[in-house]
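Inspection log for the structure reproduced underneath, given as structure tokens.
Residues take their numbers from the sequence shown, with the count starting at 1.
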Amino acid sequence: MITKREDIRNVAIIAHVDHGKTTLVDELLKQSGVFRENQEVAERVMDSGDIERERGITILSKNTAVTYKNTKINIIDTPGHADFGGEVERVLKMVNGVILVVDAFEGAMPQTKFVLRKALELKLPVIVCINKIDRPEARPREVVDEVLELFLELDADDAQLDCPFVYASAKSGIASMDPDTQGTSMAPLFDTILDYIPAPEGDPEAGTQVLISTIDYNEYVGRIGIGKVENGSVKVNQEVVICNHHDPDKLIKTKISKLYEFDGLAKVEVTEAKIGSIVAISGISEIHIGDTICSPDAVDPIPFQKISEPTIAIDFCVNDSPLAGQEGKFVTSRHLRDRLYKELNTDVSLRVEETEDTDRFKVSGRGELHLSVLIETMRREGYEFAVSKAEVLYKTDENGKKTEPMEVAYIDVPNDCTGAVIEKLGSRKGELRNMSSISGGTYTRLEFLIPSRGLIGYRGEFLTDTKGNGVINTEFDGYAPYKGDISYRKMGSLIAFEAGEAITYGLFNAQERGTLFITAGDKVYAGMVVGETGRSEDIEVNVCKKKQLTNTRSSSADEALRLTPPKVLSLEQALDFIETDELLEVTPTTLRIRKKILDSRLRKRANFNN
């Protein structure tokens with residue numbers, strides 16, 4: 001018999017990147033009394049990872065729970081960046097409704113459309129929260145119209161179109177049901193959740209059914225499966241069977257050793273969980289995303305949607321440069337392999353393939369940011385390795401023709417920068433589909449259909465071309481016929497001629513040829529890229545060259561040589577800069593760019609043969 005559990009609500013917060021999801025969760029936690037009055041609470045408390053805090057983005061979805069009017073509200077904070085869309089897709093199976101957060105100035109953006117489409121496909125009710133209404137340029141009424149247009153475009157049904165709108169300022173901790181009325185707390189949003197999000201329902205007398213939607217990992221207890229109890233109940237020490245709808249052969253008998261529910265930011269150990277509860281189960285090493293935990297006498301796996309495929313790949317290699325092994329703690333192929341496969345425990349959008357070369361692994365992900373976050377995480381953990389230039393994953397259609405992933409790029413730029421952006425994206429096979437004026441006529445919004453590979457290495461140029469005032473957002477648009485070759489980089493590399501330590505005299509002579517990436521005292525080796533040149537071909541320079549001493553003195557000979565400050569590349573800039581014949585050497589302390597073939601004679605021979 002199907003019953004509703006009125007004392008629980010399960011809701012996910014979805015939005016475009018930087019529209020205020022995590023700040024909103026902060027306020028819901030504070031106003032529900034999760035923290036003590038004198039407790040020091042960090043901003044964006046749900047962004048627990050160092051990289052999440054530094055970049056101001058959510059990378060992994062997080063679970064929390066608050067209590068309001070004797071009702072437990074399980075809240076899932078999801079990522080807003082398109083590269084982490086795999087996280088959003090799967091957690092929506094755990095909830096009975098979503099809060100769509102939309103910026104009161106920016107309005108509906110590409111990722112808003114992506115996450116809303118996923119929610120509407122699952123027939124989930126939507127509460128629209130127009131956030132940042134206290135921004136000076138806020139335009140809540142126009143944004144409401146934009147959101148309703150988006151609902152119509154995505155074929156929402158009548159019930160979904162009749163959704164409530166809440167106007168909030170997450171930063172100030174206020175919400176109201178009317179854009180012209182100033183709220184005093186988050187109570188209107190809490191009340192809307194209780195009134196509009198349906199209570200979870202299921203059959204308490206049926207066999208156990210728990211669909212695992214997220215995997216957490218802990219060094220001490222191993223894999224932790226997180227999911228919602230769909231039917232029946234789950235108890236500690238209960239005998240269960242793990243099965244999978246897409247893998248009929250998977251039937252693993254096991255026992256529930258530890259069971260947790262969420263309370264605030266903590267996991268609380270419980271002995272039993274009933275329908276509608278979001279639980280964490282530890283101690284089962286064979287558990288994976290999409291698995292269903294069932295009673296042995298009623299094995300009935302729940303269907304789980306297919307996660308979107310990766311579109312971009314990078315080769316991770318063992319570092320074999322002359323400076324290898326001096327800065328990293330984990331440097332061997334075994335270390336690299338174990339760490340990459342460990343990442344698969346928690347990241348469903350990632351693929352790791354072994355290659356013919358035992359020291360090289362092909363890692364595929366959803367975008368440059370997705371893979372660069374993995375690289376940054378690994379280097380902070382003490383790993384040392386080298387990575388190749390990102391390459392897109394091609395497919396072949398039924399007619400045997402080559403196809404490639406395409407993106408829709410939405411670009412907001414100042415009017416005087418429009419020409420430069422259109423020219424650059426045109427040369428990268430971008431096709432301008434729409435152009436409109438925004439922000440009172442001072443900015444232009446451009447909409448391009450462009451191959452994914454056309455955007456590789458472009459973001460750095462884009463910031464330069466728009467003087468840092470442009471915003472670019474992309475959305476995956478599927479596969480289309482191959483658009484032809486694209487030349488990525490117009491500039492060549494300055495390559496070190498010999499190994500040693502960079503000397504001021506050598507650098508002074510080299511800086512006339514281009515922009516340097518290194519400074520005096522840095523270690524270099526033959527084949528290492530030490531700078532970029534304005535010419536299209538590579539140039540070899542000797543940065544270790546010392547000034548020849550003579551016994552003749554002159555008044556000007558010993559004047560100080562002035563070096564231009566070097567251009568220090570970030571990880572993303574370095575990944576954007578490298579060419580297909582180069583590698584990025586990543587260590588815990590240094591990023592070095594190098595040629596794949598270090599010997600200049602062998603390199604020239606290889607180029608000649610190509």
Side-chain angles (χ1 to χ4, degrees), residues 17 49-52 55 57-62 78-93 111 114 118 212-219 222-226 244 246-247 285-291 304-318 330 333-355 360-381 383 385-395 405 407 452-453 456 474 476 479 571-572 575 584 586:
V17 66
D50 289 344
I51 297 175
E52 290 181 313
R55 301 189 186 207
I57 58 172
T58 303
I59 293 169
L60 298 170
S61 58
K62 317 275 192 326
T78 63
H81 201 284
D83 283 16
F84 307 107
E87 289 280 323
V88 182
E89 288 177 66
R90 63 174 195 261
V91 299
L92 292 181
K93 290 289 267 187
Q111 190 66 3
F114 172 83
K118 298 292 177 193
I212 300 300
S213 302
T214 307
I215 293 285
D216 200 355
Y217 187 82
N218 184 300
E219 289 291 340
R223 294 166 82 84
I224 301 167
I226 299 171
N244 192 301
H246 301 290
D247 183 5
S285 58
E286 302 90 352
I287 204 162
H288 288 90
I289 286 164
D291 286 350
F304 191 74
Q305 83 277 17
K306 200 167 180 286
I307 300 296
S308 303
E309 291 292 311
T311 56
I312 205 165
I314 286 180
D315 285 347
F316 281 61
C317 328
V318 172
F330 308 110
S333 61
R334 183 177 61 82
H335 286 139
L336 190 58
R337 183 184 186 281
D338 290 349
R339 178 63 183 82
L340 290 172
Y341 277 96
K342 179 183 161 191
E343 190 66 21
L344 297 178
N345 286 332
T346 52
D347 193 339
V348 285
S349 302
L350 202 70
R351 301 279 182 279
V352 179
E353 299 167 53
E354 299 197 20
T355 62
R360 187 163 56 88
F361 302 90
K362 185 179 180 182
V363 180
S364 311
R366 289 285 286 266
E368 278 184 288
L369 180 64
H370 184 196
L371 294 174
S372 73
V373 165
L374 172 61
I375 293 168
E376 181 62 36
T377 305
M378 286 175 63
R379 74 180 288 218
R380 290 183 186 203
E381 291 171 3
Y383 286 84
F385 52 95
V387 293
S388 68
K389 185 173 184 66
E391 292 178 1
V392 299
L393 298 170
Y394 299 104
K395 286 186 178 177
E407 309 254 351
S452 296
R453 63 198 166 98
I456 293 174
T474 58
F476 179 62
Y479 276 74
L571 176 61
E572 273 82 11
L575 286 169
L584 174 62
V586 181

For L340, the option from M378, H335, K362 that meets side chain to side chain contact (heavy atoms under 4.5 Å, CB included):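 Result: among M378, H335, K362, M378 is the only option passing the side chain to side chain contact (heavy atoms under 4.5 Å, CB included) with L340.
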
For the [atom1] atom of [X] and the [atom2] atom of [Y], what is their distance to the nearest 0.5 Å?
{"X": "I224", "Y": "I212", "atom1": "CD1", "atom2": "CD1", "value": "11.0 Å"}
{"X": "L371", "Y": "E572", "atom1": "CG", "atom2": "CD", "value": "11.0 Å"}
{"X": "D315", "Y": "E353", "atom1": "CG", "atom2": "CD", "value": "9.5 Å"}
{"X": "I312", "Y": "R366", "atom1": "CD1", "atom2": "CZ", "value": "12.0 Å"}
{"X": "Y394", "Y": "S452", "atom1": "OH", "atom2": "OG", "value": "9.5 Å"}
{"X": "T311", "Y": "Y479", "atom1": "OG1", "atom2": "OH", "value": "6.0 Å"}

Shortest non-hydrogen contact between I314 and A390, atoms and distance: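 That closest heavy-atom pairing would be CG1-CA, 3.7 Å.
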
Write down the atom of L393, the atom of P310, and the distance for their closest heavy-atom approach.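 In this case the closest contact between L393 and P310 is CD1-O, 3.6 Å.
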
For R337, what residues pass the side-chain contact (heavy atoms from CB on, under 4.5 Å) criterion, not counting sequence neighbours?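 For R337 the side-chain contact (heavy atoms from CB on, under 4.5 Å) partners, ignoring immediate neighbours, are Y341, E354, F361.
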
Among residues at least two apart in sequence or on other chains, which ones pass side-chain contact (heavy atoms from CB on, under 4.5 Å) with E343?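 Partners of E343 by the side-chain contact (heavy atoms from CB on, under 4.5 Å) criterion, ordered by chain and then number, come out as R339, T346, D347, L350, L374.
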
Report the C-alpha distance between L584 and L571 in whole Å, list the side-chain angles of each, state the deciding distance to 0.1 Å, and finish with yes or no for side-chain contact (heavy atoms from CB on, under 4.5 Å). CA-CA 9 Å; L584 174 62; L571 176 61; 3.8 Å; yes

Taking side chain as C-beta onward, heavy atoms only, is F385 less than 4.5 Å from I375?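 Side chain of F385 against side chain of I375, heavy atoms only: contact under 4.5 Å found.
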
